[in-house]
Amino acid sequence: MMILLRVLLLGALLWLGWMIWRQWRGPAAGKSPEALEKMVRCAQCGQHVPKAWTVEVDGQRRCRDHAQDG
């Protein structure tokens with residue numbers, strides 16, 4: 001009887017740990033790489049930002065803050 005109780009307790013602790021770990025990872029951790037937005041480097045400041053936040057200037061990707069600096 002004690003062995004069964006220990007196995008059930010261990011199973012419950014593992015399940016609880018798994019749930020906490022999934023919450024800690026956040027919502028994006030379970031998504032496929034295709035679902036995540038591509039990050040690109042600004043040619044001027046070097047900051048990596050989502051591609052949707054950049055503008056192409058003279059063949060280079062720049063963040064919106066540096067797009068008008070041309």
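The figures here come from the full heavy-atom set of this structure, side chains too, leaving out hydrogens, waters and symmetry mates.
Relative to the six-membered ring of Trp21, Arg25 meets both conditions, a distance below 6.0 Å and an angle of at most 45° to the axis.
Within the model, atoms OG1 of Thr54 and NE2 of His48 stand 11.5 Å from one another, a figure rounded to the nearest 0.5 Å. For the atom pair CG (Leu9) and CG (Leu14), the distance works out to 9.5 Å, reported to the nearest 0.5 Å.
A 4.5 Å side-chain heavy-atom check between Arg61 and Lys51 finds at least one atom pair inside the cut-off. Residues Met39 and Pro50 form a side-chain contact, since some pair of their non-hydrogen atoms from C-beta on lies under 4.5 Å apart.
Among all heavy-atom pairs drawn from Cys45 and Cys63, the shortest one is SG-SG, 3.9 Å. Taking every heavy atom of both residues into account, Ala52 and Arg64 meet most closely at O-NH2, 3.3 Å.
The 12-atom threshold is not exceeded at CD1 of Ile3, counting heavy atoms of other residues, nucleotides or ligands nearer than 6.0 Å.
Hydrophobic cluster membership is shared by Trp24 and Trp15, with clusters built from Ile, Leu, Val, Met, Phe, Trp and Tyr side chains linked at under 4.5 angstrom.
Looking only at distances, no side-chain donor or acceptor of Gln44 sits under 3.5 Å from a matching main-chain atom of Arg62.
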